[in-house]
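What's counted below: heavy atoms across the whole structure, side chains too, no hydrogens, waters or symmetry copies.
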Amino acid sequence: MAPIEVERKRALEDRAVLERRLEAAGLVAAGPVVEIDTYCSRPDVDFMETVECLRVREREGGCEITYKPASDATTRSAAGVIAKKETDVALADADQAARAHDLLEALGMVRLARVEKTRVCYRDPGRPGLTVVDTVVGAGSFVETEILSEGPSQEAVRRLEEAKRLLGVDALPVVTSPYRDLVMGVRSSVPLDASG
């Protein structure tokens, strides 16, 4: 069974302040890496409405196709925690991205948006999980805390809460919209929220 990605994203006003805090807390940085995500939808189902994700991600040295299922009450909490199974297919090399786009087009998929971001990943050597700091062209900077779990567990949510306290991001607004929606100027039906 594929793991479920449990995450919460918050808007950042000052990326440098958070990055200094992460380093002071002993987290180890990897990056920055530029990622370009091209999002698609089926012609008969609006993935913007269902909050499904089908994307081709390109980065130096590799690319992949990712699918995340539709959002519903079991995948998205009122506190802004999103828990979805993520299906990733790594492609042989970065040159395969054009072939992936061709494949999705041949299947009738419709391109929705192109999201370009600079990502730095931080890991705590003593704990599982990942803190990601993203700057998204046209949308701003964000901090995401991600935990991989075998299921949507309270333990993963507890670890997200622990990370929130450790990083001191309690006051930052929670963002529940995917980057795709933010870049396209679409707001989620769940508002930005400073709690959680």
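- Using a 4.5 Å heavy-atom cutoff, the side chains of R42 and M109 are in contact.
- The minimum heavy-atom distance linking S177 with K9 is given by the pair O-NZ, 2.8 Å.
- The minimum heavy-atom distance between A11 and F142, with the atom names listed, is CA-CD2, 3.8 Å.
- Residues A139 and L182 share a closest heavy-atom pair of CB-CB, 4.0 Å.
- In this structure, OG1 in T38 is found 11.0 Å from CZ in R57, a value given to the nearest 0.5 Å.
- In terms of heavy atoms, C63 sits closest to A97 at SG-N, 3.5 Å.
- A distance of 6.0 Å separates OG1 in T131 from CG in L22, rounded to the nearest 0.5 Å.
- Atom CZ of R21 has more than 12 neighbouring heavy atoms from other residues, nucleotides or ligands inside a 6.0 Å radius.
- Side-chain contact between R15 and V133 is present, with at least one heavy-atom pair separated by less than 4.5 Å.
- Side-chain N or O atoms of D93 include one that pairs as donor or acceptor with a backbone N or O of D95 at under 3.5 Å.
- When side chains are defined from C-beta on, V51 does not count as touching D72, because their heavy atoms never get closer than 4.5 Å.
- Residues E60 and V33 form no side-chain contact, since every pair of their non-hydrogen atoms from C-beta on lies 4.5 Å or further apart.
- For E49, the CD atom sits in a loose shell: 12 or fewer heavy atoms of surrounding residues, nucleotides or ligands are nearer than 6.0 Å.
- Separation of atoms CG (L12) and CG (D134) is listed at 9.5 Å; rounding is to 0.5 Å.
- Placement of V81 and I4 within a single hydrophobic cluster is found when ILVMFWY residues are connected by side-chain heavy-atom separations under 4.5 Å, directly or transitively.
- The distance from atom CD of E19 to atom CG of D14, rounded to the nearest 0.5 Å, is 9.5 Å.
- Once rounded to the nearest 0.5 Å, the distance linking CD of Q96 with CG of D102 reads 10.5 Å.
- Nearest heavy atoms, R165 versus D170: CA-OD1, 4.1 Å.
- Looking at R10, its side chain does come within 3.5 Å of a backbone N or O of L172 through a donor-acceptor pair.
- In this structure the side chain of R55 never reaches within 4.5 angstrom of the side chain of R180, judged on heavy atoms.
- Taking Y122 as the reference, nothing meets the ring pair (Phe, Tyr, Trp, His ring centres under 6.0 Å) condition, with sequence neighbours excluded.
- Shown here are the ring pair (Phe, Tyr, Trp, His ring centres under 6.0 Å) partners of F47, two or more places apart in sequence or in another chain: there are none.
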#### Entry: Intermediate values then yes/no, salt bridge (charged side-chain N to carboxylate O under 4.0 Å, His left out), K84 and E52
CA-CA 10 Å; K84 289 187 175 186; E52 284 175 83; over 6 Å; no
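- Side chains of E105 and H101 form no contact here, defined as non-hydrogen atoms less than 4.5 Å apart.
- V137 and I36 end up in different hydrophobic clusters when Ile, Leu, Val, Met, Phe, Trp and Tyr side chains are linked at under 4.5 Å.
- When all heavy atoms of G26 and P125 are compared, the closest pair comes out as O-CD, 3.7 Å.
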### Task
Assess whether salt bridge (charged side-chain N to carboxylate O under 4.0 Å, His left out) is satisfied between D37 and K117, documenting all intermediate values.
CA-CA 8 Å; D37 295 339; K117 66 181 175 291; 2.7 Å; yes
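- Under the 4.5 Å side-chain heavy-atom criterion for Ile, Leu, Val, Met, Phe, Trp and Tyr, I147 and I82 are members of distinct hydrophobic clusters.
- Residues L104 and V110 fall into different hydrophobic clusters, defined by Ile, Leu, Val, Met, Phe, Trp and Tyr side chains chained together at heavy-atom separations under 4.5 Å.
- Using a 4.5 Å heavy-atom threshold, the side chains of E35 and Y179 count as separate.
- A single hydrophobic cluster is seen to contain both V120 and V143, as judged by linkage of ILVMFWY side chains at heavy-atom distances under 4.5 Å, directly or through other members.
- In this structure, the separation between CD on E162 and CG on L167 is 10.0 Å, given to the nearest 0.5 Å.
- Under the 4.5 Å side-chain criterion, counting only non-hydrogen atoms from C-beta, C121 is in contact with R119.
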